[in-house]
Amino acid sequence: MSSRDTIAAISTPLGEGGIGILRLSGGESIKIADKIVILPKGKKLLKADTHQISLGHAVNPKTKEVLDEVLITVMRAPKTYTKEDIVEINCHGGIIALQETLRAAVEAGARLAQPGEFTKRAFLNGRIDLAQAEAVIDIVCSKTKEGLDVAMKQLEGGLSKKISEIRQGVTAVLVQLEASIDFSDEDLELLPREEIQLRIQSLNKEIETLIASSETGKIYRDGVDVVIAGRPNVGKSSLMNALLREARAIVTPVPGTTRDIVEEIINLGGVPFKLRDTAGIRPSKDEVEKIGVELSHKAIDEADVILAIFDGSESLLAEDLEILNKTNNRRTIIVINKIDLPQKINREKIDKGSKVKQLDVSATEEVGLEDLEKAMLDMVLLGRVDRGTGVIVANVRHRKALEKAKKNTSEALQGISEGVPEEFISAVLRDVLDDLGEISGETVKENILEKIFSQFCVGK
């Protein structure tokens, strides 16, 4: 692997800051860095100790013009992120200093890294498997501490270990099946079909458990899309501001103030909830407002959770009944707002029109918000797998691979029940190994690898 190009990239966000890091990886990393960094007293970077930080100056390799005062770290293979020689140059955190030092590295022989290429090399060189590599981007994109915990467990190999255990179980059954095929005429002591069936059932159950965890994993990884829906002036924007504990959405007494969708994320119990304040739903001749209402309907159709909000101080209107009907069979919480005012709303009509949970709040007085937040959290997590009790699958690609594996183990069980030949069961179980191998990377196709690592930022 050391014969590949040496790559270079800026690994910190561009902008003004304390430091900015330029990273090189590959067999020529130290040699290239030696051309663009001058150490005090004529010291040579080629002789620097591994994992030691040195003070020096980044220079233009041709003119020797000083570009920046830097700290440089040499990390020699194989005890590095990529298992190749790595050099990290800590520049001052300005755009120009970093870009000029990167330009110098390229002029000295490095190639600009592609998105995710450092982590891809870590995978290809065997330091991590594919599931662990994917955990890296989940860590970078984590929206809550709990989401970070799920990603860290995956990076530490929790999912990989479980997948490996299941694959070993499948292999053990395959050994027995193929022995019975190859040595059917010999007097060998092999597992009876009933025992093989029990083992496959156990493996099938383990796969099912992982699949069941994926809904929880997706919630912590991607968050929950919550749409606040209602007719104009019922307090949608006020409710959003109250949940955010800040004035994010514009609030006025004029109906139809919100024309577009306003989005913000809140953290409830470690779950990221993306709140979307929508335009009030009502008939309108105003072209801009009509577009906003269309967007509101589309947002409701796409939402994971709907907060259907009604004004408790007014009688129900036709628009309210339309919203009740639209959200009745969805994951909805009915919010009766403005309970600090005299109540006129017909609750019997709401009870008849919907069977979902109802809560009373006053967005302006911040009454009932804790109950609403608890109801939102319970709606998405109640009865699901506890993230602290075992491995959680948070990646859609992993879930699809597990679903294929479950389909094949179920097919093998059906074949055993129907008395099909061992050759058929063996072939199906080999497909299970391939399905599970897609998660860890043993059997993944190159185009899938390219797609996965293209999601990474350059420098990671």
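Keep in mind it's a predicted model, so treat the numbers as computed, not measured. Position 1 is the first residue of the sequence, and the numbers go up from there. Atoms considered below: every heavy atom in the structure, side chains included; atoms not considered: hydrogens, waters and symmetry mates.
For L71, the CG atom sits in a packed shell: over 12 heavy atoms of surrounding residues, nucleotides or ligands are nearer than 6.0 Å. At most 12 heavy atoms of other shown residues, nucleotides or ligands fall within 6.0 angstrom of atom NZ in K218. Within a 6.0 Å sphere centred on NZ of K143, other residues, nucleotides and ligands contribute more than 12 heavy atoms. In this structure, E370 places its CD atom where only 12 or fewer heavy-atom neighbours from other residues, nucleotides or ligands lie under 6.0 Å away. Within a 6.0 Å radius of CD in E302, more than 12 heavy atoms belonging to other residues, nucleotides or ligands are found.
Proximity of a side-chain donor or acceptor of N60 to a complementary backbone N or O of K62 within less than 3.5 Å is detected. Judged by distance alone, the side chain of T278 and the main-chain N or O of I228 form a donor-acceptor pair under 3.5 Å. Proximity of a side-chain donor or acceptor of N125 to a complementary backbone N or O of R127 within less than 3.5 Å is not detected. Judged by distance alone, with hydrogens and angles left aside, the side-chain atoms of Q197 form no donor-acceptor pair with the main-chain N or O of S417 at under 3.5 Å. Side-chain atoms of D138 never come within 3.5 Å of backbone atoms of R221 as a donor-acceptor pair (strictly under, hydrogens ignored). Using a distance-only test at 3.5 Å, with no hydrogens or angles considered, a donor-acceptor pair links the side chain of T144 to the main chain of G270. Q176 contributes no side-chain N or O that, together with a main-chain N or O of V173, makes up a donor-acceptor pair within less than 3.5 Å. No donor-acceptor pair closer than 3.5 Å links the side chain of T80 to the backbone N or O of R76. The closest donor-acceptor contact from the side chain of S296 to the backbone of A279 lies under 3.5 Å. Not one N or O on the side chain of S202 forms a donor-acceptor pair closer than 3.5 Å with the backbone of L198.
Residues I139 and L148 have side chains in contact (heavy-atom distance under 4.5 Å, counting atoms from C-beta outward). Counting heavy atoms from C-beta outward, I21 and N90 have side chains that approach closer than 4.5 Å. The side-chain heavy atoms of R193 and E422, taken from C-beta on, include a pair separated by under 4.5 Å. At least one side-chain heavy atom of I163 sits less than 4.5 Å from a side-chain heavy atom of L210. Put simply, the side chain of E206 reaches to within 4.5 Å of the side chain of L203, judged on heavy atoms. Here the side chains of E134 and F123 are not in contact, with every heavy-atom distance at 4.5 Å or above. R430 is listed as a side-chain neighbour of L174, based on a closest heavy-atom distance under 4.5 Å. Put simply, the side chain of L402 does not reach to within 4.5 Å of the side chain of I166, judged on heavy atoms.
Separation of atoms CD1 (I53) and CD (E88) is listed at 9.5 Å; rounding is to 0.5 Å.
Checked for salt-bridge contact, E215 and R399 meet the test: a charged N lies under 4.0 Å from a carboxylate O. With respect to the salt-bridge test (charged N to carboxylate O, under 4.0 angstrom), the residues R199 and E195 qualify.
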### Query
Given S142 and Y220, is the side chain to side chain donor-acceptor pair (under 3.5 Å) satisfied, shown in steps?
CA-CA 8 Å; S142 294; Y220 282 112; over 6 Å; no
### Task
Give the intermediate values and the outcome of side chain to side chain donor-acceptor pair (under 3.5 Å) for residues D85 and S29.
CA-CA 6 Å; D85 285 345; S29 294; over 6 Å; no
### Message
Apply salt bridge (charged side-chain N to carboxylate O under 4.0 Å, His left out) to residues D301 and K326 and explain how you reach the verdict.
### Response
CA-CA 9 Å; D301 291 338; K326 188 175 181 67; 3.3 Å; yes
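Residues forming a side chain to side chain contact (heavy atoms under 4.5 Å, CB included) with Q168 (at least two apart in sequence, or on another chain): S164.
Among K460, R111, R23, the single residue meeting the salt bridge (Lys or Arg N to Asp or Glu O under 4.0 Å) criterion with E117 is R111. Exactly one of R397, K445, K404 qualifies for a side chain to side chain donor-acceptor pair (under 3.5 Å) with E438. That residue is K404.
A donor and an acceptor atom, one from each side chain of D277 and S237, are located under 3.5 Å apart.
Pairs of residues two or more places apart, or lying in two chains, that qualify as side-chain hydrogen bond (donor to acceptor under 3.5 Å, both in side chains) and include a residue from residues 41-55 are D34-K44.
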